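Remember, it's a predicted structure, so these values are computed and weren't measured experimentally. First the proteins, then the strands, lettered A, B, ... as listed; each starts at 1.
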Amino acid sequence: YREGLIYKDKRLVNWDPQLETAISDLEVEQRETAGSLWYFKYPVEGEEGRTLTVATTRPETMLGDTAVAVHPEDDRYADLIGKHCILPLVGRRIVIVADEYADPEQGSGAVKITPAHDFNDFEVGRRHGLEMINIFDTRACINDAAPEAYRGLDRFEARDRVVAEMQALGLLERVEEHDHTVPYGDRGGVPVEPYLTDQWFADAKTLAAPAIKAVEDGRTRFFPENWTKTYFEWMRNIQPWCISRQLWWGHQIPAWYGPDGEVFVELSEEDAVAAAAAHYGKKTALTRDEDVLDTWFSSGLWPFSTLGWPEETPELARYYPTDVLVTGFDIIFFWVARMMMMGLHFMDEVPFHTVYVHALVRDEQGQKMSKSKGNVIDPLELIDAYGADALRFTLSSLAAPGRDVRLAESRVESSRNFATKLWNAARFCQLNGCVPDADFDPAAVQATVNRWVVSETARCGREVTQKIEGLRFNEASQLLYQFIYGTFCGWYLESAKPLLDGNDPAIGAETRATAGWALDQVLLMLHPFMPFVTEELWQSLAADRASDLVRAAWPVHPDGLLDEEAEREMSWVVRLVSGIRSVQAEMNIPHAARVPVVLIGLGDEAAAWFERQRSLIMWLARLGDASVGEAVPPGSVQMVHDEATVALPIADVIDIDQEMQRLNKEKAKRVAEIDKSKKKLSNQGFLAKAPAAVVETQRERMAEEERAVVKLEEALARLASIG
RNA sequence: GGGCGCGUAGCUCAGCGGGAGAGCACCGCCUUCACACGGCGGGGGUCACAGGUUCAAUCCCUGUCGCGCCCACCA
């Protein structure tokens, strides 16, 4: 106030006649409404029989008309400018003015002017020094400024009465159907009225300037970035902000009035009394302004007022500015913009460096959920059915930046299943003594599967960290889902089973410790996404934790934990096992058959891998035996695995036709790939302009496919010789 | 009237310049000693349409069609 940023003014404000208070522009909601456009004839003074036609969507406001405006260059009305009409029903003499606001294309080209009840008319009224007649009371009923017959009528009753009377007088020219937008109060739920009252205003334009600059300079950034544009758009066109409300709750405005209306704005009543005494030269009784501040004005102070400001508290020093503000786009104007303005003004520093604008959860039809529409999905019901972790995980995995989400219950169910999966995996670990060991060093493990899971865990951890830091929460949760479900549960725990009770106690112990470590890493990483189940498991897996999981440090995975050798070896095993399983399923070979597998033509490296992982492969693919051979045994189902041929000899059980069909299908697929590659590699433009690495990849790919096709042809030939 | 965004597998959605992915649903097999809220395997997509840029387009540009949202004083 003392800086001139807050002032009292008599202006048109948006008035909610239901709540009987002023509201801000932002609290007004435009609703598409099917209405009418009434054409009224206003008799011209002194010209018998001549009338001027005006069109209006709000007949009742004519009771407050103080002019008619026409465009200065509108020839139809040029001779009327400066003359007067006699306002029907009221009898007031109103002037005909020339003003560019009147649009010759609209309605009749002449427009009635009601300065006290329309924002445009208010401006016209100011330009022409027109009288401003307020015809409504605070409930939007007609007041004593109108003819007696209308007093006390509700605005809609008054509308009907005006139309009926005009018609009776023969002054209603015609009525057109007219769709237009009507302003409604978003809380009161009834049409708002432009209303002339004394209110407090904030000079938003001045406050906005530094807030605009801060975002231009990148001191505060929006994520996703496109909201920056929305912010600028609003801030650069900002209007004076009406900050007083005629409500019972909120910060009461610290303004006191003397008997003559003099205003004393002070921090306390004592100060106001003192100021008044000084002003009047004697002690004078004051009355305090009854209005309170707009809730968003108070909320705009939140980043520092909650921390003890204006005292320089340790909290203020520590938490102002904060770093990331998380909010919905619908709050950017209401709150984010105001916090920026207030923060920069009072603290001279932005309140936060990043605004993360999250998605809005919509209902199944894609509608924004709202209490008034009654389409709110109650999170408590979903939590009852699937758990809080499941809901939280679902929302985080659907939170793709810049996109709203339609909440599909099936995703919540899937998340619940995921939580159950984790729970069971942890139970398995516990039952097998796979618990955290304080002395465990993940960099020192020996067995390939253990080295591999350490490496994969570290890789996952680094990627998840990166995604979280980049605010890509959906990608982080997806990585975790895949790692935990696929890598950890699907491959690692299955591979660990034979080692836990195997004949090498040292490997068994190492595996137990590795699994315990990996599970801990999983809990640490998943905790932000599923806080409850991870915390429960964290505490139940070990009694002597240094801290609760919620307070545990975020895991760091150094380069040293990455092990490309182990990853390559296990990737080979995984692909081999998947291939064998696929063939088994397709050829209807039951696991119970425990068929053997023979690998032919292994390279040196693969031969070493096979040697080491032979029993693991047998275990994972449920095989009776696995061996290296020189030739494909007769009666084998065959598949290509890199440079090798893999044979499952099932002798007399084999269905030659079915097998040939399967191999031919596989071959056709690969031949199609080769054709595509050939086409690319014969394209001179591609060879000349594509990066060398891309060309090389293409060559390798083709070579690999060609090798596979050769193998497949050999396999087909062998079958043909049997058949 | 301005601005933003979306149309990818039946459904809900990721991906956004170098051979299309997930969850659910669907089909087949499996009561294998953590888990049937499970396991293994599989089918399914001219990435809305039309042009353009590029050696290369689901991805970039332009336009069209459809859908949604925000802002705005049209009587």
Legend entry - Proximity to the side chain of A:Asn424 - top-ranked nucleotide from B:rG38, B:rG18, B:rC35: B:rC35

Inset, instruction - Give a yes/no answer on whether the side chain of A:Arg236 brings an N or O atom under 4.0 Å of OP1 or OP2 in B:rG2. - result: no

Inset, instruction - Assert yes or no for the condition that the ring centre distance of A:Tyr481 to A:Phe529 is strictly below 6.0 Å. - result: no

Inset, instruction - Taking atom P in both B:rC67 and B:rC60, compute the distance separating them and give it to the nearest angstrom. - result: 23 Å

Inset, instruction - Taking only the side-chain nitrogens and oxygens of A:Lys497, find out if one of them lies under 4.0 Å from OP1 or OP2 of B:rU32. - result: no

Legend entry - Sugar-phosphate only, base, or nothing, as touched by A:Ala426 at under 4.0 Å among non-hydrogen atoms: nothing

Inset, instruction - Sticking with atom P, work out how far B:rC40 lies from B:rA48, rounded to a whole angstrom. - result: 33 Å

Inset, instruction - Identify the residue among A:Lys669, A:Arg670, A:Arg662 that makes a salt bridge (charged side-chain N to carboxylate O under 4.0 Å, His left out) with A:Glu666. - result: A:Arg670

Inset, instruction - Check the distance between B:rG68's P and A:Asp330's CG and give it to me in whole angstrom. - result: 19 Å

Inset, instruction - Check whether any side-chain heavy atom of A:Phe222 lies under 4.5 Å from a side-chain heavy atom of A:Ile332, and answer yes or no. - result: yes

Legend entry - Touch class at under 4.0 angstrom, heavy-atom based, for A:Glu673 against every strand present: base

Legend entry - Who pairs with B:rG41 - Watson-Crick or G-U, where each distance is under 3.5 Å: B:rC27

Inset, instruction - Determine: side-chain N/O of A:His178 to OP1/OP2 of B:rA75, distance under 4.0 Å, yes or no. - result: yes

Legend entry - Nearest-Å distance once atom P is located in both B:rC47 and B:rG10: 12 Å

Inset, instruction - Using a cut-off of strictly less than 4.0 Å, decide whether A:Arg701 has a side-chain nitrogen or oxygen near OP1 or OP2 of B:rG19. - result: yes

Legend entry - Sugar-phosphate only, base, or nothing, as touched by A:Lys229 at under 4.0 Å among non-hydrogen atoms: sugar-phosphate

Inset, instruction - Give A:Thr230 one of three labels, base, sugar-phosphate or nothing, depending on what nucleic acid heavy atoms sit under 4.0 Å from its own. - result: nothing

Inset, instruction - Pick base, sugar-phosphate or nothing for A:Ser677, based on heavy-atom distances below 4.0 Å to the nucleic acid. - result: base

Inset, instruction - Decide yes or no on salt bridge (charged side-chain N to carboxylate O under 4.0 Å, His left out) for A:Lys497 and A:Glu494, but give the supporting numbers first. - result: CA-CA 5 Å; A:Lys497 281 175 185 173; A:Glu494 289 307 315; 2.9 Å; yes

Inset, instruction - Take A:Ser108 and A:Gln698, find for each the nucleotide of RNA chain B with the closest heavy atom, and name the residue whose nucleotide sits nearer the 5' end. - result: A:Gln698

